[in-house]
Amino acid sequence: MDDAAPDAVPDAVPAADPTPHGERGIGELVAAGERSVSFEFMPPRDEAGAAQLWSAISDLEPYQPTFVSVTYGAGGTTRDTTVQITGRIARETSLRALGHLTCVGHTREELVEVLRAYQQAGVRNLLALRGDPKEGPTAPWTPTPGGLTYAVELVELAHEVGSFSVGVAAFPEGHPSAASLQTDARVLADKARAGADFAVTQLFFRPDDYFRLVERVAARGVELPILPGIMPITNLGSLRRMAELSGATIPQAVLARFDGLTEPADVRRVGVEVATELCEALLAGGAPGLHFYTLNRSRATLEIFEALRITA
Ligand code: FAD
């Protein structure tokens, strides 16, 4: 019979620590003041996707990013692949790996299992997220029975399980269902107080949205490095879909720059220019780094690096 308190974390399986990068967590590195660069990948759907992912990873590895992250599919659908890929990056490359985890569809015990699986795989950095309802990001949120309600609880759980540097999501334009920008800043400050030591933002296009978020959080007496998330525009159709899903606004001034462009090569050239200008404004204003949504492709990010004169 199990006589442990119902909400206690079960005894730790002694975690193997095969990671060569376990010494310093991401929060510590970002807070140490060196400019951070990071890349986000998604678990591939098939073999061709896997080949594309590993090719992008090897193209970007020479730039020695602070970390690379792997998303956790909506509804926990990619649980095993996300843990496997993140673990493989941690063990087989020179890169520091960060695994995403969401509360969707998982009981607390299942979340503990995934956290332990990350530990066993040598992953010591976690992005603790609530996730979205299966019906989409704007549908009403109902927690899984026996699961967690908000990301802040997952931050706490990750620290109970132990030895993670924990990051969280931040929203320059506010989370789509947040009551106000101030409420959203309070939520972020609460996540920092619960033990998050860095944040990564949703994609956005106006530097001021980012700087105002940083100010709102600082005004709450919290020091939290917030890494801006950059989505290079390479295809207008997919950008509109991503913006719809994330709640990000594509400013009219940005859209106007693509007016009349029909050739894909022209769209990506302007997309790279737009992203480069955003990166320049963010770094000039004191952002601690840049986090690139790569969509498992390296080309746009490499073109932005060239424009920013970031070298391998
Ligand atoms: P929370 O911090 O829990 O916030 C969710 C909502 O609840 C917000 O409106 C917040 O204001 C409100 N809230 C929070 N706490 C309280 C409280 N105590 N009282 C009242 N209201 C509260 N999704 C995936 O499925 N997989 C991924 O891999 C993934 N990666 C992401 C990476 C980044 C960098 C970002 C920015 C988002 C990512 N997402 C991912 C999407 C994310 O899961 C959704 O945006 C989700 O809706 C919010 O997650 P959160 O962690 O910010 O949740």
Side-chain angles (χ1 to χ4, degrees), residues 26 30 36 38-43 67-79 81-83 85-86 97-106 111 114 118 123 125-144 147-158 166-196 198-204 209-210 213 216-217 220 224-231 242-248 289-296:
I26 291 169
V30 176
S36 170
S38 48
F39 307 122
E40 182 174 301
F41 300 107
M42 305 171 301
F67 66 94
V68 301
S69 63
V70 182
T71 61
Y72 199 77
T77 43
T78 64
R79 165 185 167 151
T81 3
T82 297
V83 174
I85 292 168
T86 317
L98 171 142
H100 293 204
L101 179 57
T102 75
C103 307
V104 179
H106 290 317
L111 290 167
V114 182
Y118 270 133
V123 176
N125 298 285
L126 184 85
L127 199 69
L129 301 145
R130 186 199 70 178
D132 286 315
K134 292 196 172 88
E135 300 73 32
T138 49
W141 165 253
T142 313
T144 299
L148 307 182
T149 306
Y150 294 118
V152 67
E153 296 159 48
L154 187 54
V155 174
E156 289 163 353
L157 186 63
V166 182
V168 290
F171 299 86
E173 297 181 66
H175 182 268
S177 62
S180 69
L181 291 178
Q182 288 304 339
T183 313
D184 216 38
R186 178 183 56 74
V187 166
L188 187 50
D190 287 348
K191 292 194 268 194
R193 290 196 187 95
F198 66 101
V200 181
T201 79
Q202 187 56 277
L203 67 101
F204 64 100
D209 289 336
Y210 168 82
L213 167 69
R216 285 192 296 279
V217 174
R220 291 180 173 268
L224 181 72
I226 302 177
L227 297 171
I230 310 294
M231 168 79 76
M242 298 297 284
E244 210 176 306
L245 284 176
S246 66
L290 301 167
H291 180 79
F292 291 91
Y293 292 108
T294 69
L295 304 180
N296 294 358

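Atoms within each ligand, like the ligands themselves, are counted from 1 in listed order.
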Going by the 4.0 angstrom heavy-atom rule, the piece of T102 near ligand 1 is side chain
The answer for which part of V187 has a heavy atom under 4.0 Å from ligand 1 is side chain
In this structure, atom 41 (C) of ligand 1 is nearest to the protein heavy atom D132 OD2, 4.1 Å
closest protein heavy atom to atom 6 (C) of ligand 1 is R130 NH1, 3.7 Å
re atom 12 (C) of ligand 1, the protein heavy-atom contact at minimum distance is Y150 CE2, 4.0 Å
**Request:** Kindly indicate whether atom 28 (O) of ligand 1 is approached by any protein heavy atom to under 4.0 angstrom.
**Result:** yes
Counting heavy atoms under 4.0 Å, the part of F171 that contacts ligand 1 is side chain
- prompt: Should the ring pair F67 and H291 be called parallel, tilted or perpendicular, given that the plane angle runs from 0 to 90° and is split at 30 and 60?
  reply: parallel
of all protein heavy atoms, closest to atom 30 (N) of ligand 1 is H100 ND1, 3.1 Å
Within the 4.0 Å heavy-atom cut-off, what L127 brings close to ligand 1 is side chain
For atom 35 (C) of ligand 1, the closest protein heavy atom turns out to be A169 CB, 3.7 Å
If you scan protein heavy atoms around atom 11 (O) of ligand 1, the nearest is D184 OD1, 3.4 Å
Quick look: Y293 vs ligand 1, heavy-atom contacts under 4.0 Å, and the answer is side chain
Quick look: H175 vs ligand 1, heavy-atom contacts under 4.0 Å, and the answer is side chain
For ligand 1, is there an atom lying under 4.0 Å from some heavy atom of K191?
yes
